[in-house]
Amino acid sequence: MLFIINERLPVMVVPFLEAALTYQRIESLSGKLLMTDELIRFFSKRTPDELEVLVRLTMGEVRPGYEGIEIGVAEKLVVKALYQVTMVPVDEIEKGRKTVGDIGLLTEEIMKRKMQMSLFSEPLTTERVFGNLEKMARVEGRSSQDLKLKMVAELLHDASPLEARYIVRIVCQKMRLGIADMTIIDALSYLFTPGFEKASLDLMSGSGLEKLHPLAERLPERSTSVLYSLMERLSIPKKEGIPPDEASRALAILEDLKGSIQKNREKIVRAYNIHPDIGYLAHLLSLSGMSAVESIMVTPFIPLRAMLGERLSSIGDIIEKMGGKAALEYKYDGLRVQAHIAREKDGTKIRLYSRQLEDITEQFPDVVEFLRNGFQCSSAIVEGECVPIDPDSSSFMPFQMISRRRGRKHDLAENIDQVPVVLVLFDCLFLDGRDLTTEPYLTRRDSIGEAFGGIKEEIDPEKGLVLSKMEIVDEASKGEEFFLRALEDGCEGVMAKSVSDQSVYQAGSRGWLWIKYKRDYRSELSDTLDLVVVGAFHGSGRRKGTYGALLMAVLDDVSGEFHTLCKLGSGFNDEDLAVIKEIIDEERGERENVWKNVFSKMEVDVHVKPEKVLEVVGAEITFSPNHTCSFNRMREGYGLALRFPRFTGRYRDDKGPLEATTEREVESLYSLQNRVISEKLPERGEEPGNDHHQ
DNA sequence: GTTGACTGCCC
DNA sequence: ATTCTGC
DNA sequence: GCAGAATGGGCAGTCAAC
């Protein structure tokens, strides 16, 4: 199935300018329907191969994400290429990045200024752009950076400024058009729903609809706006001077059509969720129509998109949302793993996929062994969280431990010894040839036991397979108790799961059948921090012209220095962004003037005098190689940082920088973060709060 | 051979 | 991961 | 409520530069 586009025939001739103009129009529009119309127009009347390439380009990809093919080019390399093409000095380009806030737009501007000489260039085709992207993804080894750079430069050289904008964005995989996978699927569902032509003819042939003929004639364009405005006008027949019975007949035809589009959209979405490659689906649709897409089924060794959960901040709300009853499961802090297993003639084949569906089998041979030993059926897809454990105490280790295994290629054997893991299973999506994604939660959970007989909720480092701890609750107090126990046992929180008959596995979507509930969603359980702004970073995209993130520090009240704990870029609304810009522009200054008592390893765009205090909340304190809070005090060579930091919306104008959270306070939060919980718990008669951070 | 910038992918 | 926004 | 786009900490790998 691995093919190389260049080798396919026929050669396509879609000018890249057409793509660029389409993208430009999409960006300038507001309203998803209008954007969809542009896409529809762009995608229509293409061969299957052309369509596939156009879809991939629009997604900013060469191959589906799960194949793990990397272009390996991002902003820094683009800056170099841009320099090669325009001879505008790198530091000038860098300066522009800060004011323009979008590497694509910046490229366009610089090209406009500097490119009078490219009259002899060859017009770009989408094929050529795509072909170069593929080459970029393929090259590696010595001088590969140079080659990639040359390929970007080559495209830029032949591109008009507008085309350059999008080449750069495609290369960096940041299209920011306001459309992405779901809107492309929308467009495809319009394009491949049959019946537009017939509806058009029907409307044209009826009597009394003459006023609508110009629109009805356009139906085969498959534009959303044509369909919607026809329907709107037919719904007010009197005003339009149309016979009511004619109108309702016509309306019924269009309702019908709209219904089919909706149904087809759902079918394509379903296909996408169980075969997450839109380029492939587009090709298939173009070649064989909807029926081919409908026949796509859940298949071992094709990873499904993971189901995600919504969030709520109280157990009571969760139980209410789920109709009075919910299953609560521990939410383990590790790597999400989708395991595909099948017995074959020459043994049991097993592959592991990450949440983004990358193949991570090679990094976890121990997990593969656990699965092989425990598996009692013929084929299955199961899902779980791979968590690092301390085998002596059977307690969980911090997330940072397992990060050391993810993606590792070297010294695997030692690494496996250093970071033992177990796989905590929580779902079963496929068993012995049967697709279970449409079965309710409790059925799927039972199937885990069927696949792995004797699997238990207790951690068994030898066996390596664990069933996620679960309890069905119908009152908040019971749920709270379970939640606190989860925290005590070293988990992030709980995942509530609907136990209704409708509780299917919603691959790829974030619905209300699963609801996340974490400690830091609850203010009583997570302390907020009052941090001092010491630096700022220019924003990009919709944050251009304001600061995208701030560098935040604590006070070391012994030395009077400010030490950094995190950057902060989440939790700001538009007003906050504007206010913060003013604050910073007031306090900013030259490094040597304003950073006399600031100790930071991190470079910033703008140095800020430690003055303003903002309230920040995060999930937990971790060791940090980048931040200077408590540097060398808790661990040699490391400081402390805040995981998942965000602004609470509260400006602590009542506090000066000397009243900010101190380094010592952060240290004590770090030491206490696992114990505080157990003090709030009733006795359990088991081991006391396990301080799982060694 | 070692280091550091850059990139991509985990959360 | 979390959060905000436009529709 | 959905889809999209801002942003966080931190890890490993790759490659260029030393």
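Every chain is numbered from 1, with letters handed out A, B, ... down the list of sequences.
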Checklist entry - Considering only the C1' atoms, how many Å lie between B:dT3 and C:dG6, rounded to the nearest integer? => result 46 Å

Item to check | Test item: A:T58 and A:F43 side chains (from C-beta on) under 4.5 Å apart, heavy atoms | outcome: yes

Checklist outcome for this item: Comparing A:M182 with A:H627, nearest DNA chain D nucleotide closer to 5' gives the residue A:M182

Item to check | Touch class at under 4.0 angstrom, heavy-atom based, for A:S509 against every strand present | outcome: nothing

Checklist entry - Which part of the nucleic acid, if any, lies within reach of A:K321 when heavy atoms closer than 4.0 Å are counted: base, sugar-phosphate only, or nothing? => result sugar-phosphate

Checklist entry - Which whole-number value in Å describes the distance from A:D102 CG to D:dT7 P? => result 11 Å

Checklist entry - Taking CD1 from A:I184 and C1' from D:dC2, how many angstroms apart are they, rounded to a whole number? => result 16 Å

Checklist outcome for this item: Nucleotide by nucleotide, nucleotides 1-7 of chain C touches protein heavy atoms under 4.0 Å in the pattern (B base, S sugar-phosphate only, - none) SBBSS-S

Checklist entry - For D:dT7, does OP1 or OP2 lie under 4.0 Å from any side-chain N or O of A:S540? => result yes

Item to check | Nucleotide D:dG9, atom C1' - distance to OH of A:Y670 in whole Å | outcome: 15 Å

Checklist entry - Looking at residues at least two apart in the chain, or sitting in another chain, which of them share a ring pair (Phe, Tyr, Trp, His ring centres under 6.0 Å) with A:Y166? => result A:Y23

Checklist entry - What is the nucleic acid contact for A:L642, judged by heavy atoms within less than 4.0 Å: base, sugar-phosphate only, or nothing? => result sugar-phosphate

Next on the checklist: What's A:R265 touching, base or sugar-phosphate or nothing? Going by heavy atoms closer than 4.0 Å.
Outcome noted: sugar-phosphate

Next on the checklist: If we count only N and O atoms by modelled type, under 3.5 Å, do the side chains of A:E383 and A:Y505 hold a donor and an acceptor together?
Outcome noted: yes

Next on the checklist: I need the CG-P distance between A:L335 and D:dG10, as an integer number of Å.
Outcome noted: 17 Å

Checklist entry - Do the side-chain N and O atoms of A:T622 and A:R643 include a donor-acceptor pair separated by under 3.5 angstrom? => result no

Next on the checklist: Suppose you measure atom C1' in B:dG8 against the same atom in C:dA1; what distance do you get, rounded to whole Å?
Outcome noted: 16 Å

Next on the checklist: side-chain hydrogen bond (donor to acceptor under 3.5 Å, both in side chains) for A:E38 and A:T22? Distances and angles first, verdict last.
Outcome noted: CA-CA 7 Å; A:E38 285 301 325; A:T22 303; 5.2 Å; no

Checklist entry - What do the steps show when you test A:E385 against A:R336 for salt bridge (Lys or Arg N to Asp or Glu O under 4.0 Å), and what is the final call? => result CA-CA 5 Å; A:E385 193 84 3; A:R336 178 115 174 224; 5.5 Å; no

Checklist outcome for this item: Applying ring pair (Phe, Tyr, Trp, His ring centres under 6.0 Å) to A:F426 and not counting sequence neighbours gives none

Item to check | For A:F364, ring pair (Phe, Tyr, Trp, His ring centres under 6.0 Å) partners two or more places apart | outcome: none

Checklist outcome for this item: Whether each nucleotide of nucleotides 11-18 of chain D has a protein heavy atom under 4.0 Å at its base (B), only at its sugar-phosphate (S) or at neither (-) is summarised, 5' to 3', as BSSSSS--

Next on the checklist: Once you apply a heavy-atom cut-off of 4.0 Å, does A:G334 come out as touching a base, just sugar-phosphate, or nothing?
Outcome noted: sugar-phosphate

Which atom pairs, donor and acceptor, lie under 3.5 Å between side-chain atoms of residues 571-578 of chain A and protein residues at least two apart or in another chain?
unit_1	atom_1	unit_2	atom_2	d
A:N573	OD1	A:E575	N	3.1
A:N573	OD1	A:D576	N	2.8
A:D574	OD1	A:R542	NH1	3.4
A:D576	OD1	A:Y651	OH	2.6
A:D576	OD2	A:N573	N	3.1

Item to check | Whole angstrom value for the distance that separates P of B:dT7 from CD1 of A:I71 | outcome: 12 Å

Next on the checklist: What is the distance, to the nearest angstrom, from the CG atom on A:D181 to the P atom on D:dC2?
Outcome noted: 14 Å

Checklist outcome for this item: Taken to the nearest whole Å, CD1/A:I103 to P/D:dA5 is 18 Å

